[in-house]
Amino acid sequence: MNRRTTRLCVLPLMAGSFILGPSAAAWATAPTAPAAPAAASCLAQGNPADATKVKITGEGYKPGLKVILDQTDGAGAGSAIAGPDGKFASGDVPAGKWQAFQQAEGGASATCLGGQEATDAATKKLVDQERARGAKEGFAAGAQAARDNNCDSAPPQKNNRNLTAKQEAQLAFDKAFETAFRAAIDKFC
């Protein structure tokens with residue numbers, strides 16, 4: 001290719017990169033949108049001393065704003081203020097089905113779970129948290145084993161039967177830890 005043709009081809013590309021370069025850099029460093037807030041949830045937990053009362057707790061609400069409690073199967077009502085972490089707790093309210101919501105724009109709303117539903121939801125949340133923690137710690141341990149040239153190492157094994165919620169969460173942690181540990185060994189060895 002001669003010199004004149006080369007200039008005709010290259011100069012427009014260079015001009016385009018000078019024009020688009022700053023905007024591409026600005027786009028790459030532009031702040032991202034904040035993470036979506038946690039979904040609101042609430043639990044109605046029975047009072048062992050008085051079966052006609054429950055205590056309502058929740059999370060995922062706008063901090064500092066009033067949370068209105070409405071009994072959907074009765075005349076009960078109440079309120080609480082969401083703390084800086086978006087959590088709230090009520091005093092004793094009549095047992096029944098409850099809904100918790102905020103009237104402010106963008107305020108959260110949730111139907112409160114009670115009884116076995118609440119237990120199942122709390123167990124699932126605990127299991128999910130432990131599974132995530134196990135994956136993180138297992139991968140870190142596997143990566144460290146690979147750095148130490150222990151590519152034949154394996155995570156400890158446990159035998160779990162007749163599990164409680166905490167034991168089920170521990171099992172989820174152990175399985176996630178083992179999976180992540182082996183993934184790190186495979187990746188780094």
Side-chain angles (χ1 to χ4, degrees), residues 17 20-46 55-65 67 80-90 98-102 106-189:
S17 67
L20 294 177
S23 62
W27 176 76
T29 60
T32 58
S41 65
C42 70
L43 300 174
Q45 299 166 321
K55 180 177 181 178
I56 299 178
T57 58
E59 60 183 50
Y61 293 83
K62 280 190 167 185
L65 296 180
V67 178
I81 302 294
D85 57 359
K87 296 180 179 180
F88 76 89
S90 76
W98 288 85
Q99 184 174 25
F101 60 93
Q102 292 175 312
S109 177
T111 299
C112 302
L113 302 176
Q116 188 61 43
E117 285 179 316
T119 302
D120 292 347
T123 299
K124 181 185 179 323
K125 182 178 178 183
L126 181 61
V127 167
D128 290 346
Q129 288 172 340
E130 288 301 294
R131 184 176 291 120
R133 188 173 70 89
K136 181 179 177 184
E137 291 180 15
F139 192 82
Q144 184 60 47
R147 283 191 291 275
D148 295 341
N149 289 325
N150 292 331
C151 292
D152 294 332
S153 64
Q157 297 291 319
K158 295 183 179 180
N159 185 10
N160 296 302
R161 302 267 190 268
N162 300 326
L163 304 175
T164 66
K166 287 186 180 181
Q167 290 169 331
E168 189 176 332
Q170 181 62 44
L171 180 61
F173 172 88
D174 292 344
K175 285 182 178 179
F177 185 97
E178 181 179 348
T179 301
F181 183 91
R182 293 188 191 286
I185 292 290
D186 291 345
K187 180 176 182 174
F188 297 116
C189 286

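Computed from a predicted structure; not experimentally measured. Numbers here are sequence positions counted from 1.
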Residue pair Ala180 / Gly134: nearest heavy atoms and the distance that separates them: CB-O, 4.5 Å

Salt-bridge contact Arg133-Glu130 (side-chain N to carboxylate O under 4.0 Å): yes

Which heavy-atom pair separates Ser41 from Ala110 by the least distance, and what is that distance? CA-CB, 3.9 Å

Interatomic distance, Lys136 atom NZ to Phe173 atom CZ [nearest 0.5 angstrom]: 11.0 Å

Residues two or more places apart in sequence or in another chain: which of them pass side chain to side chain contact (heavy atoms under 4.5 Å, CB included) with Ser90? Lys55, Ile56, Leu69, Val93

Neighbour count above 12 (heavy atom, 6.0 Å) for Asp152 CG: no

Count the heavy atoms of every other residue, nucleotide or ligand shown that sit under 6.0 Å from NZ of Lys175, and state whether that count exceeds 12. no

Roughly how far apart are Phe177 CZ and Arg182 CZ, rounded to 0.5 Å? 11.0 Å

Nearest heavy-atom pair of Ala184 and Gly142: which atoms, and what distance? CB-C, 3.6 Å

Separation between SG (Cys42) and OH (Tyr61), nearest 0.5 Å, reads 4.5 Å

Rounded to the nearest 0.5 Å, what separates atom CG in Asp174 from atom CZ in Arg131? 11.5 Å

Taking all non-hydrogen atoms of both residues into account, name the closest pair between Val127 and Ala172 and its distance. CG1-CB, 3.5 Å

Asp85: which residues meet the salt bridge (charged side-chain N to carboxylate O under 4.0 Å, His left out) condition with it, sequence neighbours left out? none

Closest non-hydrogen atom pair between Ser109 and Ala40, with its separation: O-CB, 3.9 Å

Of the non-hydrogen atoms in Ala82 and Gln102, which two are nearest, and what is the gap between them? CB-NE2, 4.1 Å

